[in-house]
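Here is the structure we will look at.
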Amino acid sequence: MTENPVPSNFIQEAILDDLKNGRFDHVLTRFPPEPNGYLHIGHAKAICITFGLAEANGGKYNLRFDDTNPVKEDVEYVESIKEDIRWLGFDWEDREFFASDYFEQLYQWAEKLILKGKAYVDDLSPDEIREYRGTLTEPGRNSPYRDRSVDENLDLFRRMRAREFPNGSRVLRAKIDMASGNINLRDPVMYRILHSTHHRTGDQWCIYPMYDYAHGQSDSIEGVTHSLCDIAYEIHRPLYDWFLDELEIFHPRQIEFSRLNVTYTILSKRFLKQLVEKGLVLGWDDPRMPTLSGMRRRGYPVEAVRDFIDRVGVAKNESVADISLLEHCVRENLNRTALRVMGVLNPLKVIITNYPEGQVEQLEAINNPEDPAAGTRTVPFSGELYIEQEDFREVPPPKYFRLAPGREVRLRYGYFIKCEEVVKDEQGNVVELRCTYDPATRGGYAPDGRKVQGTLHWVSAAQAVDAEVRMYNRLFLTSDPDNVEEGKTYLDNINPDSLKVLSGCKVEPSLVNAVIGARFQFERQGYFSIDPDSQPGKPVFNLIVELRDTWNKIQGKK
RNA sequence: UGGGGCAUGGUGCAAUGGCAGCACACCAGACUUUGGAUCUGUGGAUCUUGGUUCGAAUCCAGGUGCCCCAGCCA
């Protein structure tokens with residue numbers, strides 16, 4: 001977890017400076033999502049930085065929905081966004097705002113700019129506006145409507161509001177500089193006509209403010225001191241400042257930091273939406289998704305997600321965080337907190353030939369070796385068990401420590417068993433092992449000091465609970481999925497094996513009534529959580545993350 | 001001579017003129033009733049050229065590379 005509650009980064013330094021030199025005497029930040037999609041791990045970084053910095057400096061933070069484009073937004077998203085932020089552990093109390101609440105004020109300020117001769121109504125078509133804007137290397141040209149009189153502008157703008165004109169027929173533009181090297185300053189559009197029902201204001205408006213015009217003013221209305229945002233808005237800052245200065249209203253400070261990228265995933269709302277809509281995943285909360293709802297469903301502890309964000313840091317470099325760091329954070333958390341259990345994913349039947357017929361013993365097992373307070377439980381042992389198919393090899397390769405004909409291994413918390421006979425079906429598949437056990441090794445200790453190389457997990461057949469286990473793998477095959485050759489897209493990099501559903505799994509009986517969301521370590525395999533799809537007596541597990549596997553590594557080298 | 005931003009091990013982040021450090025990853029070993037965890041150890045970085053300075057990752061100048069901007073999206 002975070003050792004140092006006060007973050008040390010360039011934004012914190014800037015805040016401290018502002019406090020010290022009197023630019024501000026308190027700190028108020030805001031997170032401004034547009035409700036047009038679900039939050040992902042990249043947003044989590046923005047939220048933790050934005051809200052975390054406010055907390056660290058004794059300030060408050062607002063949640064403000066940037067809902068200025070009715071055609072893309074929906075209440076479904078505002079609900080999910082709130083749930084995700086709460087999950088992250090932040091409480092914005094009563095400071096929940098919507099840019100749409102400011103539409104009237106924004107409109108009045110627009111009239112003010114018209115009156116000042118700083119804004120005008122333009123009749124150019126969208127195509128013409130683009131033409132007049134010029135290019136990256138050539139300056140733009142003034143619109144023929146640029147020098148309309150204040151009265152005419154005012155009249156036209158009011159009639160825009162009064163629904164007199166169709167979509168796309170006119171816009172309100174700021175009058176700045178069509179020759180500016182910064183294209184954002186080439187008379188940016190402030191209002192466009194959109195005859196469209198807004199999810200909150202309904203049909204009250206048919207003109208909607210653009211981001212650049214709405215954002216800074218919304219910050220100002222709320223008294224935000226530090227408006228932290230994506231590096232992409234850095235070149236918008238002159239415009240952000242321009243509106244505030246021209247309007248002569250409270251002037252927050254915008255500071256930009258670089259967004260988070262993560263290897264083997266894609267963090268773009270557009271792409272994530274595509275995955276959902278094309279049915280390539282089961283929904284926004286599919287456990288393979290980098291969305292917060294997906295991670296939550298998968299079973300990632302929120303503490304681990306936060307820890308990851310802290311470790312990734314804050315800077316302006318374009319950076320790509322290694323997914324293995326996230327996985328490390330998850331494992332580190334779960335190693336401390338998850339109860340250990342035994343579950344067999346791909347069962348292979350084992351008959352203990354010398355075990356007393358019909359006998360069942362209750363053996364004691366440790367719940368979490370990292371946490372003595374977690375105590376112990378009992379697991380039933382009998383003459384008919386399941387072990388993992390992978391834990392038996394008829395012809396064991398070098399360094400394979402598990403079961404093989406004639407070899408003795410330990411069953412965890414159980415007995416030493418020795419494989420005496422291999423039973424196969426007509427196709428030659430191993431279907432059953434016949435073994436003997438050493439009654440003197442109860443609990444897994446040999447009184448004669450005899451060693452075995454392997455310890456296997458197992459489940460007693462009669463008491464086993466049937467379970468479905470969903471094994472997840474990276475959604476993408478390449479570390480930078482969007483980096484594709486001509487003619488291909490990130491969709492070509494999708495991993496066809498990102499989900500494998502195992503249906504005949506056998507888990508120990510203590511798991512029969514595990515609650516949704518509970519997390520366990522299946523010993524020697526990985527961490528798993530109970531999926532909401534679980535039914536009473538029929539648990540469904542999600543693989544959260546596998547245990548580190550050095551045997552796998554050894555094999556991979558060959 | 002469009003404008004803006006960024007360059008530190010494989011990855012991410014520190015070092016704010018004074019011994020380039022931390023984490024993840026990687027590799028080797030110890031230990032182990034989870035091939036988990038834990039512990040120990042190895043290797044590996046300041047984009048480049050010049051300048052200032054006793055001393056430069058840090059300051060200055062030039063160069064190079066990468067990212068962003070031409071929505072009536074945010």
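All chains are named by letter (A, B, ...) in the order of the sequence lines, taking the proteins before the strands, and each is independently numbered beginning at 1. Note that the structure is a prediction, hence the values are computed from the model and not measured.
For A:R259 and B:C67, the shortest distance from a side-chain N or O to OP1 or OP2 is not below 4.0 Å. A close approach under 4.0 Å does not occur between any side-chain nitrogen or oxygen of A:R412 and OP1 or OP2 of B:G36. Residue A:T550 places at least one side-chain N or O closer than 4.0 Å to OP1 or OP2 of B:G36. One finds a side-chain N or O of A:N317 lying less than 4.0 angstrom from the OP1 or OP2 phosphate oxygen of B:C13. Residue A:R170 places none of its side-chain N or O atoms closer than 4.0 Å to OP1 or OP2 of B:C72. The side chain of A:R192 places an N or O atom within less than 4.0 Å of a non-bridging phosphate oxygen (OP1 or OP2) of B:A74. OP1 and OP2 of B:C67 both lie 4.0 Å or more from every side-chain N or O belonging to A:K316. Listed pair A:R548 / B:G35 fails the phosphate criterion, with no side-chain N or O lying under 4.0 Å from OP1 or OP2.
Residue A:L334 contributes atom CG, which lies 12 Å from atom C1' of B:G36 at whole-angstrom precision. One can place CD1 of A:I323 at 14 Å from C1' of B:G12, the figure rounded to the nearest angstrom.
Residue A:T135 is classed as a base contact, given a heavy-atom separation below 4.0 Å to a base. Residue A:Y208 is classed as having no contact, given no heavy-atom separation below 4.0 Å to the nucleic acid. Across all strands, A:P369 comes closer than 4.0 Å to base atoms (heavy-atom distances). At the heavy-atom level, A:R237 lies nowhere under 4.0 Å from the strands shown. Across all strands, A:V71 comes closer than 4.0 Å to no nucleic acid atom at all (heavy-atom distances). Nucleic acid contact class of A:R331 (heavy atoms, under 4.0 Å, all strands): none. Within 4.0 Å of A:L456, counting heavy atoms only, lies no atom of the nucleic acid at all. Heavy atoms of A:F65 sit nowhere under 4.0 angstrom from any nucleic acid atom. Across all strands, A:I309 comes closer than 4.0 Å to no nucleic acid atom at all (heavy-atom distances). Heavy atoms of A:N69 sit under 4.0 angstrom from primed sugar atoms or phosphate atoms, though from no base atom. Within the 4.0 angstrom heavy-atom criterion, base atoms lie near A:E370. Residue A:V171 is in base contact, counting any heavy-atom pair closer than 4.0 Å across all strands shown. Across all strands, A:L325 comes closer than 4.0 Å only to sugar-phosphate atoms, never to a base (heavy-atom distances).
Closest heavy-atom contact between A:H40 and A:S268: NE2-N, 4.4 Å. The heavy-atom pair separating A:Y191 from A:Y213 by the smallest distance is CE1-CE2, 3.5 Å.
Two residues, A:Y233 and A:Y527, neighbour RNA chain B, and the one matched to the more 5' nucleotide by heavy-atom proximity is A:Y527. Each of A:R442 and A:L136 was matched to the nucleotide of RNA chain B holding its nearest heavy atom; the match closer to the 5' end belongs to A:L136.
Look at B:G2: its Watson-Crick or wobble partner, with both distances under 3.5 angstrom, is B:C69. Of the nucleotides present, B:A7 is the one that pairs with B:U64 by Watson-Crick or G-U wobble criteria, both distances under 3.5 Å. The partner of B:C22 is B:G12, judged by Watson-Crick or G-U wobble contacts that both fall below 3.5 Å. Pair assignment for B:G36 gives none, since no Watson-Crick or G-U wobble pairing has each distance under 3.5 Å.
Across B:G65 and B:C60, the matching P atoms stand 22 Å from one another, rounded to whole Å. Comparing B:A15 with B:G51, their P atoms sit 28 Å apart, to the nearest whole Å. Look at the P atom in both B:G36 and B:G44: the space between them is 27 Å, to the nearest Å. Between B:A25 and B:C67, the two P atoms lie 29 Å apart (nearest whole Å). Comparing the C1' positions of B:G29 and B:U11 gives an interatomic distance of 25 Å, to the nearest angstrom. The same atom, P, is picked in B:U46 and in B:A7; the two are 16 Å apart, to the nearest Å. To the nearest whole angstrom, the two C1' atoms, one in B:G43 and one in B:G4, are 39 Å apart. Rounded to the nearest Å, the gap between the P atom of B:G3 and that of B:G63 is 13 Å.
Nucleotide B:G71 is shown with a syn base, its glycosidic torsion being within 90° of 0.
With hydrogens and angles ignored, a donor-acceptor pair under 3.5 angstrom links the side chain of A:Q521 to the base of B:U34.
If you check B:A7, B:C73, B:A70 against the side chain of A:I183, the one that comes closest is B:A70. Each of B:A25, B:G35, B:C69 was ranked by its minimum atom distance to the side chain of A:S324; first place goes to B:A25. Of the candidates B:U34, B:A74, B:G2, the closest approach to any side-chain atom of A:L547 belongs to B:U34.
In this structure, A:R200 forms a cation-pi arrangement with A:F98, its terminal cationic atom sitting closer than 6.0 Å to the ring centre and no more than 45° off the ring axis. Both cation-pi conditions hold for A:R141 and A:Y132: the charged atom is under 6.0 angstrom from the six-membered ring centre and inside a 45 degree cone around its axis.
B:A74 has no stacking from A:Y211 on its base ring, since the centres under 5.5 angstrom apart and planes within 30 degrees of parallel are not both found.
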Might you work through the ring-ring contact (aromatic ring centres under 6.0 Å, His included) test for A:F381 and A:W458, ending with a clear yes or no? CA-CA 9 Å; A:F381 184 94; A:W458 53 276; 5.2 Å; yes
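Side-chain atoms of A:R340 do not come within 3.5 Å of backbone N or O of A:E523 as any donor-acceptor pair. Under the 3.5 Å distance criterion, the side-chain polar atoms of A:N167 are matched with a main-chain donor or acceptor of A:H195.
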